[in-house]
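Here the structure comes first, spelled out in structure tokens, and everything after it is commentary.
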Amino acid sequence: MADIAKEYPSWQAQDDELKLITSMQRPWTDGFIYFFCNPPLCSSYKYTNSLTHNKNNSSMAELRFSSMLLPVLVLLLVAAAAAAFSQNGSTDGGGGRPAMVPAMFIFGDSLIDNGNNNNLPTFARANYFPYGIDFADGPTGRFSNGYTIVDEIAKLLGLPLIPPSAAPTTGPLRGLNYASAASGILDITGRNFIGRIPFNQQIRNFENTLDQITGNLGAATVAPVVARCIFFVGMGSNDYLNNYLMPNYPTRSQYNSRQFADLLTQQYTQQLSRLYNLGARKFIIPGIGTMECIPNVLARSSDGRCSEEVRQLVRDFNANVRIMIGNLNANLPGSRFTYVNIARMNGDILANPRAYGFTVADRGCCGIGRNRGQITCLPYQMPCLNRDRYVFWDAFHPTERVNIIMARRAFNGDMSVAYPFNIQQLANLDI
């Protein structure tokens with residue numbers, strides 16, 4: 001199947017034509033309903049494409065998403081901040097805390113997307129209320145009421161919140177977030193949502209960033225700094241939820257659980273090796289969570305129980321990822337990969353919700369249908385009021401409080417949640 005660049009030629013990387021946008025307005029959203037759900041359940045909701053017009057119906061500036069929408073000046077500021085770290089050992093990241101690493105680069109899906117899908121023609125978007133209801137800047141594109149897991153990790157590392165790669169910004173940056181909702185390890189994953197940036201394209205976008213920085217400062221300056229940065233890569237959930245388990249995909253009839261897990265981790269190994277070849281050395285690789293118990297899966301169940309089939313899919317994939325990480329650590333000289341056991345942490349919370357202060361663990365805080373999980377949070381829908389008591393924010397995603405709990409455990413926890421290093425240990429390792 002063609003990758004995203006071939007499916008949507010206007011998004012293909014065109015470095016020689018890169019059009020930098022110095023003042024980008026948000027698209028007009030009047031009459032446009034965005035939501036994140038399984039498309040067969042979305043058919044009764046209106047989708048009016050107003051992406052190409054502003055309120056005066058005039059044409060908007062053309063966007064090219066495969067190349068970085070960041071002025072070279074900003075990229076130089078990124079490199080300058082990294083160079084300062086290299087010379088001084090650390091620089092003030094966020095909240096007055098010394099930064100433990102020069103920067104963090106993030107790749108993934110809707111669990112950590114913070115706005116890269118905002119200007120794509122896609123159903124996988126969250127830049128509307130009540131998403132971001134507890135976030136200081138309101139709706140940004142995060143599929144959460146507030147922080148995602150990488151937001152809290154950045155804070156713990158002494159970094160500011162990492163901005164989305166597709167949004168122009170000013171001032172020194174300490175990394176970029178390339179994650180895109182509905183994306184997967186496989187390029188065909190998530191096509192029901194139309195627009196998304198698969199992992200392969202996310203890597204190409206990072207390579208474009210790196211080329212621009214290296215072109216200005218030189219590889220000798222940039223390479224040792226990149227090697228000390230954190231690379232957070234969280235992929236795989238959509239390859240099941242929006243590929244293998246979808247009735248309009250042939251995948252389930254072609255592969256059993258173990259065969260599909262093998263297919264995914266073979267591709268994943270190649271993709272992570274590409275990042276290594278680009279200079280990445282410190283990797284955080286979370287497994288996928290307890291998808292068998294998310295509200296969307298519970299809503300599909302006839303008895304409202306967690307799905308044993310999905311549980312086995314999760315086990316097979318995560319087992320493969322742990323083996324993959326061991327192999328990468330052994331075979332890629334100087335690399336340091338660590339596995340974050342999201343399923344273990346999710347499972348602890350779901351098995352003992354009250355011990356963590358939660359009272360609702362079987363339905364979303366915001367959504368429609370059984371378990372508030374059949375259709376995810378619609379624009380201006382009123383969410384639950386006691387959000388800190390809910391494990392799930394919507395049909396698929398955890399609340400901010402769960403994200404913070406998991407980030408803190410992964411940062412300084414034992415080897416049951418982060419192996420062979422926790423994030424704090426990984427950040428402190430010499431490369």
Side-chain angles (χ1 to χ4, degrees), residues 33-47 109-111 113 122-126 128 130-131 133 142-145 181-182 184 189-193 196 236-249 251-252 257 288-315 317 342-343 346-347 349-351 353 358-387 389-403:
I33 295 181
Y34 310 128
F35 45 90
F36 192 93
C37 60
N38 289 318
L41 297 174
C42 299
S43 58
S44 63
Y45 286 84
K46 181 180 179 184
Y47 179 91
D109 52 31
S110 61
L111 290 166
D113 184 355
T122 180
F123 289 107
R125 195 185 300 207
Y128 57 82
Y131 286 96
I133 189 172
R142 289 168 169 83
F143 288 78
S144 171
N145 58 308
T189 289
R191 67 185 178 192
N192 287 350
F193 295 94
R196 76 276 188 216
S237 296
N238 282 323
D239 292 290
Y240 289 98
L241 292 172
N242 292 299
N243 182 333
Y244 192 83
L245 293 170
M246 293 296 290
N248 62 325
Y249 276 82
T251 323
R252 200 171 185 177
S257 175
I288 58 178
T290 52
M291 297 188 307
E292 68 270 18
C293 297
I294 63 174
N296 181 260
V297 172
L298 294 178
R300 299 186 205 180
S301 170
S302 60
D303 57 7
R305 295 183 180 180
C306 301
S307 167
E308 287 302 319
E309 179 194 7
V310 177
R311 193 190 308 272
Q312 190 59 51
L313 295 173
V314 171
R315 286 173 178 164
F317 178 80
I342 298 292
N346 282 169
I349 292 172
L350 292 174
F358 298 106
T359 57
V360 184
D362 62 351
R363 64 183 183 274
C365 171
C366 188
I368 293 175
R370 292 181 59 191
N371 302 87
R372 290 191 178 179
Q374 289 180 285
I375 297 177
T376 200
C377 207
L378 294 177
Y380 296 96
Q381 180 183 351
M382 181 59 66
C384 64
L385 298 179
N386 52 341
R387 292 178 287 280
R389 295 287 188 173
Y390 277 68
V391 173
F392 295 102
W393 161 246
D394 64 13
F396 300 93
H397 307 95
T399 55
E400 174 187 64
R401 188 156 174 267
V402 170
N403 285 325

Discussion item. Tell me if a side-chain donor or acceptor on Gln381 pairs with a main-chain N or O of Gly367 at a distance below 3.5 Å.
Written reply: yes
Worksheet item: Is there side-chain contact between Cys366 and Arg372, with heavy atoms separated by less than 4.5 Å?
Response: no
Fill in: Test item: Thr399 side-chain N/O and Tyr390 main-chain N/O as donor-acceptor pair under 3.5 Å
yes
Response to the item:
Here the gap from His397 atom NE2 to Asp109 atom CG, rounded to the nearest 0.5 Å, amounts to 7.0 Å
Fill in: Which atom of Arg142 lies closest to which atom of Ala126, heavy atoms considered
O-CB, 3.7 Å
Worksheet entry | Check: Trp393 and Ile133 side chains under 4.5 Å, non-hydrogen atoms | yes
Discussion item. What verdict does the side-chain contact (heavy atoms from CB on, under 4.5 Å) test give for Phe392 and Leu298, after you've listed the backbone C-alpha separation in whole Å, the side-chain angles of each residue and the deciding distance to 0.1 Å?
Written reply: CA-CA 12 Å; Phe392 295 102; Leu298 294 178; 5.9 Å; no
Worksheet item: Which atom pair, heavy atoms only, marks the closest approach of Glu292 to Val314?
Response: OE1-CG2, 3.8 Å
Worksheet item: Would you say the side chain of Asp113 lies within less than 4.5 Å of the side chain of Phe143, judging by non-hydrogen atoms?
Response: yes
Worksheet item: Is Asn238 reaching over with its side chain to a backbone N or O of Leu241, donor-acceptor style, under 3.5 angstrom?
Response: no
Fill in: Any donor-acceptor N or O pair under 3.5 Å, side chains Asn371, Asp362
no
Fill in: Minimum heavy-atom distance between Thr376 and Ala395, given as atom pair plus value
OG1-N, 3.8 Å
Item to complete: State whether the side chain of Asp394 and the backbone N or O of Cys377 hold a donor-acceptor pair below 3.5 Å, judged by distance alone.
Response: no
Item to complete: May I ask you to check whether Thr189 and Asp239 show a side-chain donor-acceptor distance below 3.5 Å?
Response: yes
Discussion item. Using a 3.5 Å distance criterion without hydrogens, assess whether the side chain of Thr122 forms a donor-acceptor pair with backbone atoms of Phe193.
Written reply: yes
Worksheet item: Can you name the residues that form a side chain to side chain contact (heavy atoms under 4.5 Å, CB included) with Arg315, not counting sequence neighbours?
Response: Arg311, Gln312
Discussion item. Please tell me whether Tyr240 and Ser257 have a donor and an acceptor in their side chains that are separated by less than 3.5 angstrom.
Written reply: no
Item to complete: State, to 0.1 Å, how close Ala299 and Gln374 come at their nearest heavy-atom pair, and which atoms those are.
Response: CB-CG, 3.7 Å
Worksheet item: Can you find a heavy atom in the side chain of Leu245 that is under 4.5 Å from one in the side chain of Arg252?
Response: yes
Discussion item. Under a 3.5 Å distance rule, please check whether Arg196 uses its side chain to pair with a backbone N or O of Ala181 as donor and acceptor.
Written reply: no
Discussion item. So does Cys384 get a backbone contact from the side chain of Arg387, meaning a donor-acceptor N/O pair under 3.5 Å?
Written reply: yes
Worksheet item: Is the closest side-chain heavy-atom distance between Tyr244 and Leu313 below 4.5 Å?
Response: yes
Worksheet entry | Phe396 side chain near Val297 side chain, heavy-atom distance below 4.5 Å | no
Worksheet item: Taking it one step at a time, do Thr251 and Asn243 satisfy side chain to side chain donor-acceptor pair (under 3.5 Å)?
Response: CA-CA 7 Å; Thr251 323; Asn243 182 333; 2.5 Å; yes
Item to complete: Please check if atom CZ in Arg370 has more than 12 non-hydrogen atoms from other residues, nucleotides or ligands closer than 6.0 Å.
Response: yes
Discussion item. Under a 3.5 Å cutoff, is there a donor and acceptor pairing between the side chains of Asn242 and Tyr249?
Written reply: no
Discussion item. Using every non-hydrogen atom in the two residues, find where Pro130 and Leu378 come nearest and quote the distance to one decimal.
Written reply: CD-O, 3.6 Å
Fill in: Among Asn346, Leu111, Val391, the one residue meeting side chain to side chain contact (heavy atoms under 4.5 Å, CB included) with Pro398
Leu111
Item to complete: Give a yes or no on whether the backbone of Asp303 and the side-chain of Ser301 come within a donor-acceptor separation of less than 3.5 Å.
Response: yes
Discussion item. Looking at Phe358, I'd like to know if the NZ or CZ of Arg401 sits under 6.0 Å from its six-membered ring centre while staying within 45 degrees of the ring's axis.
Written reply: yes
Practice prompt. Please report the closest heavy-atom contact between Gly236 and Ile288, naming both atoms and the distance.
Written response: C-CG2, 3.7 Å
Item to complete: Taking the two cysteines Cys293 and Cys306, decide whether their SG atoms are closer than 2.5 angstrom.
Response: yes
